[in-house]
There are 2 protein chains.
Amino acid sequence: MRMGEGVEWGLHCCLTLAWLGDEHPVPTARLAAWFDLPPAYLTKRLQALVRAGVLTSTPGAKGGFRLGRAPERITLMDVVAAIEGTEEAFRCTEIRQRTEGAAAAGGDFRHACGVATAMRRAELAWRRELAAQTVADLMAAAPAGAAERTRRHYARG
Amino acid sequence: MRMGEGVEWGLHCCLTLAWLGDEHPVPTARLAAWFDLPPAYLTKRLQALVRAGVLTSTPGAKGGFRLGRAPERITLMDVVAAIEGTEEAFRCTEIRQRTEGAAAAGGDFRHACGVATAMRRAELAWRRELAAQTVADLMAAAPAGAAERTRRHYARG
DNA sequence: GTGGCAGTACTCGGATAACCTTTGTCCGAGTCTAAACGG
DNA sequence: CCGTTTAGACTCGGACAAAGGTTATCCGAGTACTGCCAC
């Protein structure tokens, strides 16, 4: 099982945007250069965050991205869901119902598949943990100088 | 993020093998026909479970697979780890250290990346939940007739 | 000075290509069971 | 009747092909800011 690296990009970008405040929007090219990422592809990922309302984009000259709402109200779940989608990692294909002559034998399939519910329970715990953490928490956990260093770099122009 | 369907196959196969007991080993072709799955590919997945000790295989005529230990001692985490691997879904590529002139600016990277630890915490919750459930629990949760129906089918052949 | 106009910079969205992972197939080698065969 | 041989069935392991998803790039269209020009 693998999570795309877009999630890492998205989280770090949110963190950066949170530190910079939303006085001036930050263009994609700036963020891409800062993290050394492919600009065009990063744009695609940030656009996904815009669609989810996590970020807002302002077009035109001096445009760019800024946070869509306060860092305390952006959970990691929001970012992951926006970029990776809301589908569950485990997809039950109901192979129990494909068993030979299942219909004829009158199997009882009114109950949900036990395997699926077990996996879903685990995934729920994961989602709950993601929803419990916000971008503001990330800001608080970072070492003291990080925010300052970021701001200095972006102020330089 | 997506989990391979091999996990679903593996869990259902473990459940079936648990119901049948380990008097007679069950060949791959039998399981594949029962669930309507590609036999050769299913073998690959079951072999992964053998390597992890979840199943044991007996070669030769009348050979096949049986559980490697009691159903109470096989957790869902064991099956998932055997088939999907033990790598974490979120892989931190340390993009914070790629920031322009990070080394020169004397950034403090002794601490672990906050984004990575946050994601890891969520994944830990997921793993803990998987480790808390066993194949025996799946057996108990299944509707009453399921075990019986499975045994009848395998006795016939 | 003020209003309109063109130019520039940027985002948006889709089309497209390269790459990697997953999915699926196939075959030879090794191994065990069971039946056939010979003494 | 008993030991040996042979055939069959199955697993094992790796090599290989196909499919789908992720990663990445590019370009045209739309939009907002900026500077220029005319009045």
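In the text below, chain A, chain B and the rest are named by the order of the sequence lines, each starting its count at 1. These numbers were taken from a predicted model, which means no experiment stands behind them. All values below were derived from every heavy atom in this structure, side-chain atoms included, with hydrogens, water molecules and symmetry-related copies excluded.
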Provide, to the nearest angstrom, the distance between the [atom1] atom belonging to [X] and the [atom2] atom belonging to [N].
| X | N | atom1 | atom2 | answer |
| --- | --- | --- | --- | --- |
| B/R30 | D/dA9 | CZ | P | 15 Å |
| B/H24 | D/dC10 | NE2 | P | 15 Å |
| B/I83 | C/dT21 | CD1 | C1' | 16 Å |

Is it the case that over 12 heavy atoms from other parts of the model lie below 6.0 angstrom from the CZ atom of A/R69? yes
Residues that [X] engages under ring-ring contact (aromatic ring centres under 6.0 Å, His included), provided they are two or more places apart:
| X | value |
| --- | --- |
| A/W34 | A/H153, A/Y154 |
| B/Y41 | B/W9 |
| A/F90 | none |

Side chain to side chain contact (heavy atoms under 4.5 Å, CB included) filter on B/T75, not counting sequence neighbours, yields B/M77, B/D78, B/T134
Between A/E5 and B/T93 (side chain of the first, backbone of the second, donor and acceptor by atom type, cut-off under 3.5 Å), is there such a pair? no
Ignoring hydrogens and angles, tell me if any N or O in the side chain of B/E123 forms a donor-acceptor pair with the backbone of B/A89 under 3.5 Å. yes
For a quick check, with a 4.0 angstrom heavy-atom cut-off, what is the B/S/- contact string for nucleotides 22-30 of chain D, read 5' to 3'? -BBB-----
C/dC10, OP1 or OP2 - any side-chain N/O from A/T28 closer than 4.0 Å? no
State plainly whether the residues A/R96 and A/E94 are in salt-bridge range, i.e. N to O under 4.0 Å. yes
Assign B/T43 to base, sugar-phosphate, or nothing according to its heavy-atom contacts below 4.0 angstrom with the strands shown. nothing
Between the protein and nucleotides 34-36 of chain D, list every N/O to N/O distance that falls short of 3.5 Å.
none

